[in-house]
**Student:** 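Sharing a structure below in structure tokens format, with a few things to ask.
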Number of protein chains: 2
Amino acid sequence: MAATPLFRRIDVAPAYQKVADAIEREIINGRIKPGEPIGTEQQLVAQFGVNRSTVREGIRVLEEGGLIRRDSSRRLQACLPRYNKLATRLSRALILHEVTFRELFETSMTLEVASVEGAVERATDENIAELAGNLERSAAVVGNPAELAELDAEFHVLMAKASQNRVLQLAREPAAQLFFPTTEMIVGGVPEGGARLIEAHRHILDAIKQRDKEAGVLWTRRHLQDWRRGFEKIASLDRSVEHTYMEHAYAARQ
Amino acid sequence: MAATPLFRRIDVAPAYQKVADAIEREIINGRIKPGEPIGTEQQLVAQFGVNRSTVREGIRVLEEGGLIRRDSSRRLQACLPRYNKLATRLSRALILHEVTFRELFETSMTLEVASVEGAVERATDENIAELAGNLERSAAVVGNPAELAELDAEFHVLMAKASQNRVLQLAREPAAQLFFPTTEMIVGGVPEGGARLIEAHRHILDAIKQRDKEAGVLWTRRHLQDWRRGFEKIASLDRSVEHTYMEHAYAARQ
DNA sequence: AATCTAGCTTTGTCGGACAAACCGATAAGA
DNA sequence: TCTTATCGGTTTGTCCGACAAAGCTAGATT
């Protein structure tokens, strides 16, 4: 720490970055609310006094960050960042860091248990109805690993939603996005895999209905341990989430 | 699901998005490794056959996503997304969603406990040395809430690092970024707040050294409960993380 | 009144241009 | 010989102007 700095640190960020920062500030501190228009590119050009190309680069930054989007008619508006999109970025990062399935499993175990605890405490009737709907649809496709895996992922998303904790919802999503795509392989590869999965879901839902935290935690643990056993028949937990595997997960995104 | 779709879904993404996607694919599946150059804008223009403005918009997207950056001489290269940067995006999103401190607290409790459990199991000598160093520096500034708060945040980052679980490291970061900036107010507002914080850190570090999981969890819980009690003297847990509050957190980022 | 049509606006893309910063290599000086 | 200065050639950041396609608006038509 220099004593009494003589000069202020000079700011040499490129113009497009300053444009993005300026708009971001307005959104973050609430002067522009989600859903409200940002203005046309022409207006931004006039306000910032920079070229349209520069404005557009700034817009791309904000768009990728999820802070703004184009509505049906391509006009710019502020918006709430979608968990899904953010989580995709994170999943991507985890893949590049070559994390192992053990890390994913351990973290998911923690977060899913927290999730079910929250759901047991705070699930609304509507949450329970959604979970019940999911369970019903799952039972109908017990023999179809692909569809069952998708419904399994949805079940866990609904459970996190039922916990009424949005921080938890966001925190669990990246791991889940990487974790659940393997479900298909596992359900398909284990005899009675589909049936066991649905049984676990049923017990979890019952526990949430009964507000029975212990049962909820117990069956969530079992459910994930089942996944683990299935996975270990295929590969080591210490294998890293691979690049090639990612191509799957990516094809599914919109 | 339509039976035998006659036409393939046509792709109408703008060109800059396609450019970004194309480069992203190469990085994700490992054909371009972190640290390797992407090529100059001119080369990309030639390869993709689009205008430089278009290429630049694509680059902005990838840059914001953390997949590429400019090295010292501004040349483009692939890179591993920094947890810090990603977490900042997430924190931003949580603020816009107006999550409450209760949600933050609950999730942080879960993640910090998981973190200490991992650290007790797997901390290396180096991890322990880092934590000890942090503790020593903390003891030296026990009367200075601002510096102590910063060191507290660092302590928890080091703990997560010691857990050797990168997924956990990433998952806890967003909540922590919002959670810990309040530490300063709380430490400053509670008598003996600084001393209690350091005592908790000391016990946690001891537990990690002794590989005593119970003690580690116990003191981590206490540590966070202390924060909670301090916070509730100032405000309700059900208050949302506010826009104005964010301006603080933002000023600190680089 | 509902529909159609003809502008006007806005976005996405293109081409070219130029200053500033950076790189590499050569020339000049100790 | 080693350091310093100079000078082109690249590359990025920014600017200007232009145009086609798609949406919106409002007047014209049935």
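Throughout, a chain's letter reflects where its sequence line sits, starting with A, and its residues are numbered from 1.
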**Student:** Using the ring of B:F101 (Phe, Tyr or Trp, six-membered ring only), decide whether B:R239 places NZ or CZ under 6.0 Å from its centre and within 45 degrees of its axis.
**Tutor:**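 That pair does not qualify as a cation-pi contact.
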**Student:** Does a nitrogen or oxygen in the side chain of A:N51 sit under 4.0 Å from OP1 or OP2 of D:dT14?
**Tutor:** no
**Student:** Report the nucleotide, chosen from C:dT11, D:dT11, D:dC24, that has the shortest atom-to-atom distance to any side-chain atom of B:R75.
**Tutor:**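 Shortest atom-to-atom distance from the side chain points to D:dT11.
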**Student:** Taking only side-chain N and O atoms of A:R70, does any of them lie within less than 4.0 angstrom of OP1 or OP2 on C:dT10?
**Tutor:**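 Result: no.
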**Student:** Which residue is it: A:L44, A:L67, A:I28? I am looking for the one with a side-chain contact (heavy atoms from CB on, under 4.5 Å) to A:I23.
**Tutor:**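 Looking at A:L44, A:L67, A:I28, the match for A:I23 under the side-chain contact (heavy atoms from CB on, under 4.5 Å) is A:L44.
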**Student:** In whole angstrom, what separates A:Q43's CD from C:dT11's P?
**Tutor:**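 Computing the A:Q43:CD to C:dT11:P distance gives 9 Å.
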**Student:** Does this structure show an ion pair linking A:R56 with A:E41, if we count only N-O contacts that are shorter than 4.0 Å?
**Tutor:** yes
**Student:** In this structure, which one of A:L94, A:T100, A:V99, A:L96 forms a side-chain contact (heavy atoms from CB on, under 4.5 Å) with A:V241?
**Tutor:**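 Exactly one pass, corresponding to A:V99.
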**Student:** Please classify the nucleic acid contact of A:R56 as base, sugar-phosphate, or nothing, using heavy-atom distances under 4.0 Å.
**Tutor:**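 Base, at least one base heavy atom under 4.0 Å.
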**Student:** Taking atom C1' of C:dA21 as reference, at what distance in whole Å does atom CZ of B:R74 sit?
**Tutor:**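 It is 6 Å, rounded to the nearest whole Å.
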**Student:** Mind calculating the distance between CD (B:E41) and C1' (C:dA21) to the nearest angstrom?
**Tutor:**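 For the pair B:E41 CD and C:dA21 C1', the rounded distance is 14 Å.
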**Student:** Where does the angle between the aromatic ring planes of B:W227 and B:F105 fall among parallel (under 30°), tilted (30 to 60°) and perpendicular (over 60°)?
**Tutor:** parallel
**Student:** Whole-Å distance between D:dC15 C1' and A:F48 CZ?
**Tutor:**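 Those two atoms, CZ and C1', are 17 Å apart.
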**Student:** How many Å lie between CG on A:D71 and C1' on D:dG23, as a whole number?
**Tutor:** 11 Å
**Student:** I want to verify a distance call: between C:dG12, D:dG13, C:dC14, whose nearest atom is closest to the B:Y16 side chain?
**Tutor:** C:dG12
**Student:** On a plain distance test, is the side chain of A:R52 in donor-acceptor contact with the base of C:dT13 below 3.5 Å?
**Tutor:**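 Present.
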**Student:** D:dT12 P sits how many Å from B:L44 CG, rounded?
**Tutor:** 9 Å
**Student:** Nearest whole angstrom, please: distance from the C1' of D:dT11 to the CD1 of B:I38.
**Tutor:** 16 Å
**Student:** Reckon A:T54 has a side-chain N or O less than 4.0 Å from the OP1 or OP2 of D:dG13?
**Tutor:**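 No, A:T54 has no side-chain N/O under 4.0 Å of OP1/OP2 on D:dG13.
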**Student:** Select one nucleotide: of D:dT14, D:dC15, C:dT11, the one nearest the side-chain heavy atoms of A:E57.
**Tutor:**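 Side chain of A:E57 sits closest to D:dT14.
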**Student:** Rounding to an integer number of Å, can you tell me how far B:Q77 CD sits from D:dT12 P?
**Tutor:** 13 Å
